[in-house]
Colleague: 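The structure is given below, and queries will be raised subsequently.
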Amino acid sequence: METNQDCYILGIESSCDETAASVVKNGRTVLSNVISSQIDIHTLYGGVVPEIASRKHMERINQVIRQALSEAGLSLSDITAIAVTYGPGLVGALLVGVAEAKAIAFATKKPLVGVHHIEGHICANYIENKELKPPFGCLVVSGGHTHLVKVGGYGEYEILGKTRDDAAGEAFDKVARAIGLGYPGGPKIDKAAKSGNPLALDFPRAKVGGSEYDFSFSGLKSAVLNYLNGCKMKGEDIVTEDVAASFQKAVVDVLVEHSERAIEEYGFTEFAIAGGVASNSALRAGMEEMCNRKGVKFYRPSPIFCTDNAAMIAVAGYYEYMAGTRSGTDLNAMPALKLGER
Ligand code: KG4
Ligand code: ZN
(Lines give C-alpha, C1' and ligand atoms only; values in the text may rest on other atoms or scores of the structure.)
(Ligands and ions follow the chains in the order given, each with its own letter.)
Protein backbone atom coordinates (compact mmCIF):
# COMPACT_ATOMS: atom_id res chain seq x y z
CA MET A 1 0.00 0.00 0.00
CA GLU A 2 1.34 3.47 -0.89
CA THR A 3 1.72 4.97 2.57
CA ASN A 4 4.57 7.34 1.75
CA GLN A 5 2.74 8.88 -1.21
CA ASP A 6 -0.07 11.40 -1.20
CA CYS A 7 -3.48 9.78 -1.35
CA TYR A 8 -6.31 11.45 -3.29
CA ILE A 9 -9.80 10.04 -2.80
CA LEU A 10 -12.66 10.98 -5.11
CA GLY A 11 -15.86 10.78 -3.02
CA ILE A 12 -19.33 10.42 -4.56
CA GLU A 13 -22.61 10.85 -2.67
CA SER A 14 -26.16 10.44 -4.04
CA SER A 15 -28.13 8.72 -1.27
CA CYS A 16 -30.94 11.28 -0.98
CA ASP A 17 -31.46 14.68 -2.61
CA GLU A 18 -27.90 15.96 -2.91
CA THR A 19 -25.69 15.06 -5.86
CA ALA A 20 -22.16 15.55 -4.55
CA ALA A 21 -18.54 14.88 -5.41
CA SER A 22 -15.34 15.84 -3.63
CA VAL A 23 -11.60 15.27 -3.70
CA VAL A 24 -9.85 14.84 -0.33
CA LYS A 25 -6.08 14.63 0.13
CA ASN A 26 -4.63 12.25 2.74
CA GLY A 27 -7.97 11.84 4.48
CA ARG A 28 -8.22 15.30 6.02
CA THR A 29 -7.66 18.05 3.46
CA VAL A 30 -10.66 18.92 1.28
CA LEU A 31 -9.51 20.06 -2.17
CA SER A 32 -13.04 20.41 -3.55
CA ASN A 33 -16.57 19.90 -2.25
CA VAL A 34 -19.25 20.23 -4.94
CA ILE A 35 -22.90 19.84 -3.88
CA SER A 36 -25.79 20.11 -6.30
CA SER A 37 -28.92 20.34 -4.15
CA GLN A 38 -32.35 19.31 -5.42
CA ILE A 39 -34.18 21.04 -2.57
CA ASP A 40 -35.90 23.57 -4.84
CA ILE A 41 -37.55 20.78 -6.89
CA HIS A 42 -38.62 18.64 -3.92
CA THR A 43 -39.96 21.71 -2.07
CA LEU A 44 -42.77 21.82 -4.66
CA TYR A 45 -43.96 18.42 -3.35
CA GLY A 46 -43.31 19.02 0.37
CA GLY A 47 -40.64 16.32 0.60
CA VAL A 48 -38.21 14.19 -1.39
CA VAL A 49 -39.82 12.35 -4.34
CA PRO A 50 -37.57 9.29 -4.92
CA GLU A 51 -38.11 9.00 -8.70
CA ILE A 52 -37.33 12.67 -9.22
CA ALA A 53 -34.23 12.36 -7.01
CA SER A 54 -32.86 9.49 -9.14
CA ARG A 55 -33.51 11.34 -12.39
CA LYS A 56 -31.85 14.54 -11.16
CA HIS A 57 -28.80 12.58 -9.91
CA MET A 58 -28.46 11.07 -13.40
CA GLU A 59 -28.68 14.48 -15.03
CA ARG A 60 -26.11 16.09 -12.74
CA ILE A 61 -23.60 13.51 -11.57
CA ASN A 62 -21.12 13.73 -14.47
CA GLN A 63 -20.92 17.50 -14.27
CA VAL A 64 -20.60 17.46 -10.47
CA ILE A 65 -17.67 15.00 -10.64
CA ARG A 66 -15.99 16.97 -13.45
CA GLN A 67 -16.28 20.13 -11.37
CA ALA A 68 -14.90 18.44 -8.23
CA LEU A 69 -11.83 17.25 -10.17
CA SER A 70 -11.29 20.60 -11.85
CA GLU A 71 -11.63 22.59 -8.59
CA ALA A 72 -9.07 20.24 -7.03
CA GLY A 73 -6.79 20.87 -10.02
CA LEU A 74 -6.57 17.13 -10.71
CA SER A 75 -7.57 14.69 -13.40
CA LEU A 76 -8.92 11.18 -12.92
CA SER A 77 -5.46 9.71 -13.44
CA ASP A 78 -4.23 11.52 -10.27
CA ILE A 79 -6.91 9.89 -8.10
CA THR A 80 -5.81 7.05 -5.82
CA ALA A 81 -9.24 5.48 -5.20
CA ILE A 82 -12.95 6.13 -5.65
CA ALA A 83 -15.25 6.11 -2.60
CA VAL A 84 -19.02 6.00 -2.97
CA THR A 85 -22.01 5.87 -0.62
CA TYR A 86 -23.72 2.50 -1.18
CA GLY A 87 -26.22 2.69 1.71
CA PRO A 88 -28.39 3.45 3.52
CA GLY A 89 -30.66 5.72 1.50
CA LEU A 90 -33.10 5.73 -1.41
CA VAL A 91 -32.31 2.74 -3.59
CA GLY A 92 -32.75 4.48 -6.94
CA ALA A 93 -30.71 7.47 -5.77
CA LEU A 94 -27.90 5.31 -4.36
CA LEU A 95 -27.76 3.28 -7.59
CA VAL A 96 -26.81 6.34 -9.63
CA GLY A 97 -23.70 7.04 -7.52
CA VAL A 98 -22.77 3.36 -7.23
CA ALA A 99 -23.06 2.75 -11.00
CA GLU A 100 -21.06 5.89 -11.73
CA ALA A 101 -18.29 4.99 -9.25
CA LYS A 102 -18.10 1.43 -10.60
CA ALA A 103 -17.84 2.72 -14.18
CA ILE A 104 -15.02 5.15 -13.24
CA ALA A 105 -13.17 2.49 -11.23
CA PHE A 106 -13.48 0.00 -14.08
CA ALA A 107 -12.40 2.45 -16.78
CA THR A 108 -9.42 3.79 -14.80
CA LYS A 109 -8.52 0.48 -13.08
CA LYS A 110 -8.55 2.31 -9.72
CA PRO A 111 -9.66 0.75 -6.44
CA LEU A 112 -13.32 1.19 -5.45
CA VAL A 113 -14.43 1.59 -1.82
CA GLY A 114 -18.09 1.39 -0.79
CA VAL A 115 -18.85 3.72 2.15
CA HIS A 116 -21.65 3.68 4.74
CA HIS A 117 -23.47 7.03 4.71
CA ILE A 118 -23.52 7.33 8.52
CA GLU A 119 -19.82 6.53 8.72
CA GLY A 120 -19.39 9.45 6.32
CA HIS A 121 -21.37 11.77 8.62
CA ILE A 122 -19.20 10.77 11.61
CA CYS A 123 -15.99 11.24 9.58
CA ALA A 124 -17.05 14.80 8.65
CA ASN A 125 -15.65 15.71 12.07
CA TYR A 126 -12.10 14.82 10.96
CA ILE A 127 -12.08 17.50 8.26
CA GLU A 128 -11.75 20.59 10.43
CA ASN A 129 -10.32 18.91 13.52
CA LYS A 130 -6.98 17.47 12.49
CA GLU A 131 -6.28 16.42 16.09
CA LEU A 132 -9.48 14.34 16.48
CA LYS A 133 -8.95 10.60 16.47
CA PRO A 134 -10.85 7.67 17.97
CA PRO A 135 -11.96 6.75 20.54
CA PHE A 136 -14.78 9.25 20.99
CA GLY A 137 -18.56 9.32 21.31
CA CYS A 138 -20.71 10.63 18.47
CA LEU A 139 -24.36 11.59 18.14
CA VAL A 140 -25.49 11.24 14.52
CA VAL A 141 -28.72 13.14 13.85
CA SER A 142 -30.00 13.39 10.30
CA GLY A 143 -33.19 13.18 8.26
CA GLY A 144 -33.06 9.40 8.26
CA HIS A 145 -31.05 8.48 11.37
CA THR A 146 -30.61 9.15 15.06
CA HIS A 147 -27.69 7.10 16.36
CA LEU A 148 -25.60 7.36 19.50
CA VAL A 149 -22.30 5.74 18.56
CA LYS A 150 -19.06 4.73 20.24
CA VAL A 151 -16.28 5.26 17.70
CA GLY A 152 -13.75 2.72 18.93
CA GLY A 153 -11.29 3.14 16.04
CA TYR A 154 -11.29 4.11 12.37
CA GLY A 155 -14.06 1.98 10.86
CA GLU A 156 -15.02 0.60 14.29
CA TYR A 157 -18.49 1.54 15.43
CA GLU A 158 -20.68 0.36 18.29
CA ILE A 159 -24.27 1.60 18.23
CA LEU A 160 -25.27 2.45 21.80
CA GLY A 161 -28.76 3.65 20.94
CA LYS A 162 -30.94 4.62 18.02
CA THR A 163 -34.42 5.85 17.26
CA ARG A 164 -37.32 3.43 17.51
CA ASP A 165 -39.47 5.44 15.12
CA ASP A 166 -38.91 8.86 13.53
CA ALA A 167 -35.40 10.25 13.09
CA ALA A 168 -34.74 13.64 14.70
CA GLY A 169 -34.59 15.39 11.31
CA GLU A 170 -37.78 13.67 10.21
CA ALA A 171 -39.56 15.04 13.31
CA PHE A 172 -38.28 18.54 12.48
CA ASP A 173 -39.54 18.18 8.89
CA LYS A 174 -42.98 16.84 9.91
CA VAL A 175 -43.57 19.44 12.62
CA ALA A 176 -42.42 22.23 10.28
CA ARG A 177 -44.96 21.11 7.71
CA ALA A 178 -47.72 21.01 10.36
CA ILE A 179 -47.03 24.58 11.51
CA GLY A 180 -46.86 25.80 7.93
CA LEU A 181 -43.13 26.44 7.66
CA GLY A 182 -42.62 24.12 4.68
CA TYR A 183 -39.75 21.91 3.54
CA PRO A 184 -36.99 21.37 4.57
CA GLY A 185 -38.21 21.89 8.09
CA GLY A 186 -35.05 21.78 10.20
CA PRO A 187 -33.50 25.09 9.19
CA LYS A 188 -36.92 26.80 9.21
CA ILE A 189 -37.75 25.65 12.75
CA ASP A 190 -34.25 26.66 13.86
CA LYS A 191 -34.85 30.18 12.49
CA ALA A 192 -38.43 30.58 13.82
CA ALA A 193 -37.38 29.26 17.25
CA LYS A 194 -34.93 32.15 17.64
CA SER A 195 -37.85 34.53 18.20
CA GLY A 196 -39.98 32.07 20.19
CA ASN A 197 -40.20 31.04 23.86
CA PRO A 198 -38.85 27.49 24.41
CA LEU A 199 -40.74 27.30 27.72
CA ALA A 200 -44.11 28.38 26.29
CA LEU A 201 -45.36 24.81 25.77
CA ASP A 202 -44.51 21.65 27.65
CA PHE A 203 -44.07 18.88 25.07
CA PRO A 204 -43.15 15.33 26.22
CA ARG A 205 -39.59 14.00 26.45
CA ALA A 206 -40.07 10.34 25.56
CA LYS A 207 -38.52 7.58 27.63
CA VAL A 208 -38.04 4.30 25.81
CA GLY A 209 -38.29 1.02 27.68
CA GLY A 210 -35.55 -1.54 27.05
CA SER A 211 -32.46 0.23 25.76
CA GLU A 212 -31.66 3.30 27.86
CA TYR A 213 -29.96 5.01 24.91
CA ASP A 214 -32.73 4.53 22.35
CA PHE A 215 -34.82 7.48 21.18
CA SER A 216 -38.44 7.97 20.18
CA PHE A 217 -39.74 11.11 18.51
CA SER A 218 -43.12 10.06 17.14
CA GLY A 219 -44.90 10.77 20.46
CA LEU A 220 -43.46 14.27 20.52
CA LYS A 221 -44.57 14.84 16.93
CA SER A 222 -48.11 13.62 17.80
CA ALA A 223 -48.18 15.88 20.86
CA VAL A 224 -47.40 18.89 18.67
CA LEU A 225 -50.07 17.85 16.13
CA ASN A 226 -52.63 17.35 18.94
CA TYR A 227 -51.80 20.75 20.36
CA LEU A 228 -52.28 22.37 16.93
CA ASN A 229 -55.62 20.58 16.39
CA GLY A 230 -56.77 21.56 19.88
CA CYS A 231 -55.99 25.23 19.18
CA LYS A 232 -57.86 25.07 15.89
CA MET A 233 -60.94 23.52 17.51
CA LYS A 234 -60.97 26.09 20.30
CA GLY A 235 -60.36 28.91 17.82
CA GLU A 236 -57.15 29.88 19.62
CA ASP A 237 -54.24 31.54 17.83
CA ILE A 238 -51.09 29.54 17.30
CA VAL A 239 -47.79 31.29 17.97
CA THR A 240 -45.64 29.51 15.39
CA GLU A 241 -42.37 30.72 16.95
CA ASP A 242 -43.33 29.39 20.40
CA VAL A 243 -44.35 25.98 18.99
CA ALA A 244 -41.07 25.83 17.05
CA ALA A 245 -38.96 26.81 20.06
CA SER A 246 -40.75 24.48 22.50
CA PHE A 247 -40.62 21.52 20.09
CA GLN A 248 -36.94 22.16 19.35
CA LYS A 249 -36.16 22.32 23.07
CA ALA A 250 -37.89 18.98 23.65
CA VAL A 251 -35.75 17.34 20.92
CA VAL A 252 -32.52 18.97 22.07
CA ASP A 253 -33.13 18.11 25.77
CA VAL A 254 -33.46 14.40 24.94
CA LEU A 255 -30.43 14.35 22.62
CA VAL A 256 -28.25 16.15 25.18
CA GLU A 257 -29.48 14.02 28.09
CA HIS A 258 -28.75 10.72 26.31
CA SER A 259 -25.32 11.97 25.22
CA GLU A 260 -24.51 13.07 28.76
CA ARG A 261 -25.37 9.63 30.15
CA ALA A 262 -23.23 7.95 27.48
CA ILE A 263 -20.32 10.23 28.41
CA GLU A 264 -20.70 9.23 32.07
CA GLU A 265 -21.02 5.50 31.41
CA TYR A 266 -18.38 5.14 28.67
CA GLY A 267 -15.99 7.79 29.99
CA PHE A 268 -15.63 9.62 26.67
CA THR A 269 -13.22 12.53 26.92
CA GLU A 270 -14.17 13.69 23.43
CA PHE A 271 -17.65 13.91 21.94
CA ALA A 272 -18.82 14.86 18.44
CA ILE A 273 -22.12 15.51 16.68
CA ALA A 274 -22.83 14.85 13.01
CA GLY A 275 -25.60 14.84 10.38
CA GLY A 276 -27.98 17.50 9.09
CA VAL A 277 -29.57 18.21 12.50
CA ALA A 278 -26.07 18.80 13.94
CA SER A 279 -26.24 22.20 12.24
CA ASN A 280 -29.15 23.14 14.54
CA SER A 281 -28.07 26.13 16.63
CA ALA A 282 -29.89 25.05 19.83
CA LEU A 283 -28.40 21.54 19.65
CA ARG A 284 -24.92 22.93 19.09
CA ALA A 285 -25.29 25.29 22.05
CA GLY A 286 -26.85 22.62 24.32
CA MET A 287 -24.20 20.02 23.52
CA GLU A 288 -21.39 22.52 23.94
CA GLU A 289 -22.70 23.63 27.35
CA MET A 290 -23.06 20.02 28.53
CA CYS A 291 -19.59 19.01 27.26
CA ASN A 292 -17.99 22.05 28.91
CA ARG A 293 -19.72 21.18 32.17
CA LYS A 294 -18.40 17.61 31.93
CA GLY A 295 -14.87 18.68 30.92
CA VAL A 296 -15.30 16.86 27.60
CA LYS A 297 -13.87 18.26 24.34
CA PHE A 298 -16.77 18.97 21.98
CA TYR A 299 -16.56 18.70 18.18
CA ARG A 300 -19.06 19.62 15.49
CA PRO A 301 -18.56 20.07 11.75
CA SER A 302 -19.31 23.39 10.02
CA PRO A 303 -22.92 23.32 8.73
CA ILE A 304 -21.76 22.60 5.14
CA PHE A 305 -20.17 19.34 6.38
CA CYS A 306 -23.21 18.46 8.57
CA THR A 307 -25.73 18.12 5.76
CA ASP A 308 -25.08 15.62 2.97
CA ASN A 309 -21.81 16.12 1.12
CA ALA A 310 -19.19 13.98 -0.59
CA ALA A 311 -16.13 15.25 1.34
CA MET A 312 -17.28 13.19 4.34
CA ILE A 313 -17.60 10.14 2.06
CA ALA A 314 -14.07 10.68 0.73
CA VAL A 315 -12.73 10.96 4.32
CA ALA A 316 -14.49 7.76 5.40
CA GLY A 317 -13.33 6.17 2.13
CA TYR A 318 -9.72 7.12 2.93
CA TYR A 319 -9.75 5.30 6.29
CA GLU A 320 -11.49 2.28 4.77
CA TYR A 321 -8.98 2.29 1.89
CA MET A 322 -6.03 2.47 4.31
CA ALA A 323 -7.54 -0.44 6.28
CA GLY A 324 -7.58 -2.48 3.06
CA THR A 325 -11.30 -2.32 2.25
CA ARG A 326 -11.96 -2.85 -1.48
CA SER A 327 -15.29 -3.24 -3.26
CA GLY A 328 -15.76 -5.24 -6.44
CA THR A 329 -17.81 -4.59 -9.55
CA ASP A 330 -20.62 -6.43 -7.75
CA LEU A 331 -21.01 -3.50 -5.29
CA ASN A 332 -24.73 -2.83 -5.03
CA ALA A 333 -26.96 -0.17 -3.48
CA MET A 334 -28.02 -1.29 0.01
CA PRO A 335 -30.97 0.90 1.07
CA ALA A 336 -31.12 -0.53 4.62
CA LEU A 337 -27.39 -1.06 5.26
CA LYS A 338 -26.57 -1.09 9.00
CA LEU A 339 -23.60 0.76 10.46
CA GLY A 340 -20.67 -1.62 10.95
CA GLU A 341 -21.97 -4.11 8.35
CA ARG A 342 -20.54 -4.61 4.87
O1 KG4 B 1 -27.76 14.61 6.95
P2 KG4 B 1 -28.82 15.16 6.08
O3 KG4 B 1 -28.44 16.22 5.07
O4 KG4 B 1 -29.52 14.02 5.26
C5 KG4 B 1 -29.75 12.73 5.76
O6 KG4 B 1 -28.79 11.92 5.75
O7 KG4 B 1 -30.89 12.52 6.20
O8 KG4 B 1 -29.95 15.68 7.04
C9 KG4 B 1 -31.09 16.33 6.57
C10 KG4 B 1 -31.97 16.64 7.77
C11 KG4 B 1 -33.34 17.18 7.40
O12 KG4 B 1 -34.32 16.48 8.13
C13 KG4 B 1 -33.25 18.63 7.81
O14 KG4 B 1 -34.51 19.17 8.19
C15 KG4 B 1 -32.31 18.56 8.99
O16 KG4 B 1 -31.33 17.63 8.60
N17 KG4 B 1 -31.68 19.85 9.30
C18 KG4 B 1 -31.88 20.53 10.44
C19 KG4 B 1 -31.17 21.74 10.31
N20 KG4 B 1 -30.55 21.75 9.10
C21 KG4 B 1 -30.87 20.57 8.48
N22 KG4 B 1 -32.59 20.22 11.53
C23 KG4 B 1 -32.62 21.11 12.54
N24 KG4 B 1 -31.99 22.30 12.48
C25 KG4 B 1 -31.25 22.66 11.41
N26 KG4 B 1 -30.62 23.84 11.38
ZN1 ZN C 1 -27.04 12.25 5.52
Side-chain angles (χ1 to χ4, degrees), residues 11-20 22 33 35-39 42-43 46-48 50 53 57 84-90 93-94 97 115-125 138-147 149 162-163 166-179 181-194 196 198 217 220-221 244-245 247-256 272-287 300-313 315-316 335-337 339:
I12 300 173
E13 156 66 37
S14 70
S15 66
C16 190
D17 60 345
E18 251 86 39
T19 319
S22 162
N33 184 32
I35 304 168
S36 171
S37 173
Q38 307 176 358
I39 278 184
H42 298 292
T43 299
V48 177
H57 285 311
V84 63
T85 307
Y86 73 112
L90 302 169
L94 286 164
V115 169
H116 192 290
H117 184 76
I118 302 292
E119 178 174 18
H121 274 303
I122 294 170
C123 290
N125 279 286
C138 188
L139 173 75
V140 190
V141 270
S142 73
H145 309 274
T146 308
H147 281 25
V149 181
K162 57 179 193 287
T163 184
D166 291 351
E170 200 179 346
F172 268 95
D173 293 336
K174 287 177 177 167
V175 166
R177 193 182 308 170
I179 54 178
L181 291 175
Y183 174 85
K188 295 196 169 155
I189 291 204
D190 196 348
K191 188 156 176 258
K194 286 194 166 56
F217 293 109
L220 168 60
K221 175 194 66 190
F247 159 76
Q248 180 173 273
K249 181 161 170 47
V251 175
V252 169
D253 281 356
V254 170
L255 295 174
V256 171
I273 56 173
V277 183
S279 56
N280 181 270
S281 55
L283 179 64
R284 289 162 92 87
M287 290 295 302
R300 79 270 178 298
S302 292
I304 191 69
F305 295 123
C306 285
T307 41
D308 288 349
N309 65 87
M312 67 186 199
I313 301 304
V315 175
L337 186 67
L339 186 63

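Nothing fancy with the numbering, it's 1 onward along the sequence. Atoms within a ligand are numbered from 1 in the order they appear, just like the ligands themselves.
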Colleague: Kindly identify the option in Val252, Val277, Asp173, Ile35 whose heavy atom sits closest to atom 11 (C) of ligand 1.
Modeller: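 Ranked by closest heavy atom to atom 11 (C) of ligand 1, first place is Asp173.
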Colleague: For the residue pair Phe305 and Ala311, what are the closest heavy atoms and their distance?
Modeller: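 Looks like CE2-CB, 3.9 Å.
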Colleague: Do Asn33 and Ile35 have side chains that get closer than 4.5 Å, going by heavy atoms?
Modeller: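 Yes, their side chains come closer than 4.5 Å.
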Colleague: With a 4.5 Å limit on heavy-atom distance, are the side chains of Pro88 and His116 in contact?
Modeller: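 Answer yes - side chains close enough.
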Colleague: Near the Zn ion (ligand 2), is there an N/O/S atom from His145 that is less than 2.8 Å away?
Modeller: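 No.
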Colleague: What residue and atom, counting heavy atoms only, is the protein's closest point to atom 24 (N) of ligand 1, and at what distance?
Modeller: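 Nearest neighbour among protein heavy atoms for atom 24 (N) of ligand 1, to 0.1 Å: Asn280 ND2, 3.0 Å.
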Colleague: Which atoms of ligand 1 are found less than 4.0 Å from any heavy atom of His117?
Modeller: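 Atoms satisfying the 4.0 Å criterion: 6 (O).
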Colleague: If you count heavy atoms of other groups shown closer than 6.0 angstrom to CD1 of Ile39, is the number above 12?
Modeller: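 Enclosed.
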Colleague: Mark up the atoms of ligand 1 that fall under 4.0 Å of a heavy atom belonging to Gly169, in ascending order.
Modeller: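 Near Gly169, the atoms of ligand 1 are 12 (O).
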Colleague: Can you check which of Pro184, Gly275, Gly276 brings a heavy atom nearest to atom 8 (O) of ligand 1?
Modeller: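 It is Gly276 that holds the nearest heavy atom.
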Colleague: I want to check something: taking the side chain as every heavy atom from C-beta on, are Leu220 and Val251 in contact at a cut-off of under 4.5 Å?
Modeller: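 With C-beta onward as the side chain, the pair touches.
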Colleague: Does His117 bring an N, O or S atom to within less than 2.8 Å of the Zn ion (ligand 2)?
Modeller: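 Here the distance criterion (N, O or S atom, under 2.8 Å) is met by His117, so yes.
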Colleague: With atoms numbered from 1 as shown, which atoms in ligand 1 lie under 4.0 angstrom from a non-hydrogen atom of Gly144?
Modeller: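 Under 4.0 Å from Gly144, ligand 1 has these atoms: 7 (O).
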Colleague: If you compare all heavy atoms of Ala167 against all heavy atoms of Phe217, which two are closest, and at what distance to 0.1 Å?
Modeller: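 What the structure gives for the nearest pair is C-CD1, 4.2 Å.
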Colleague: Between ligand 1 and Glu18, is the shortest N or O to N or O distance under 3.5 Å?
Modeller: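 No, Glu18 has no N/O under 3.5 Å of an N/O on ligand 1.
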Colleague: Can you check which of Gly143, Cys306, Gly186 brings a heavy atom nearest to atom 7 (O) of ligand 1?
Modeller: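 Answer by nearest heavy atom: Gly143.
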Colleague: Does any part of the side chain of Ser15, heavy atoms only, come nearer than 4.5 Å to the side chain of Glu13, both counted from C-beta?
Modeller: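 When only atoms from C-beta onward are counted, Ser15 and Glu13 do touch, with a gap below 4.5 Å.
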Colleague: Tell me, which N, O or S atom in Asp308 is closest to the Zn ion (ligand 2)?
Modeller: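 Of the nitrogen, oxygen and sulfur atoms in Asp308, the Zn ion (ligand 2) lies nearest to OD1.
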Colleague: Is it true that Lys194 and Asp190 have a side-chain N and a carboxylate O under 4.0 angstrom from each other?
Modeller: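 Yes.
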Colleague: Looking at ligand 1, does any of its N/O atoms fall within less than 3.5 Å of an N/O of Thr307?
Modeller: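 There is no such contact.
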Colleague: Which heavy atom of the protein is the closest neighbour of atom 3 (O) of ligand 1, given with residue, atom name and distance?
Modeller: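 Here the closest protein heavy atom is Asp308 N, 3.0 Å.
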Colleague: Would you say the side chain of Lys162 lies within less than 4.5 Å of the side chain of His145, judging by non-hydrogen atoms?
Modeller: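 Side chain of His145 against side chain of Lys162, heavy atoms only: no contact under 4.5 Å found.
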Colleague: Hey, does His42 have a side-chain heavy atom less than 4.5 Å from the side chain of Cys16?
Modeller: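 Result no, sub-4.5 Å side-chain heavy-atom pair not found.
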Colleague: Counting non-hydrogen protein atoms only, what is the nearest one to atom 20 (N) of ligand 1? Give residue, atom name and distance.
Modeller: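 Residue, atom and distance for the closest contact: Ser279 OG, 3.2 Å.
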Colleague: Which residue owns the protein heavy atom closest to atom 26 (N) of ligand 1, what's the atom, and how far is it?
Modeller: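 Scanning the protein heavy atoms, the shortest distance from atom 26 (N) of ligand 1 goes to Asp190 OD2, 2.9 Å.
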Colleague: For ligand 1, is Gln248 a contact, meaning one of its heavy atoms is under 4.0 Å away?
Modeller: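 False for this residue.
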Colleague: Examine His145 against ligand 1 and note whether any of their N/O atoms are separated by less than 3.5 Å.
Modeller: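 Among all N and O atoms of His145, none is under 3.5 Å from an N or O of ligand 1.
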Colleague: Can you find a non-hydrogen atom of Pro187 under 4.0 Å from ligand 1?
Modeller: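 Yes, that is the case, since the closest heavy atom of the residue is under 4.0 Å from the ligand.
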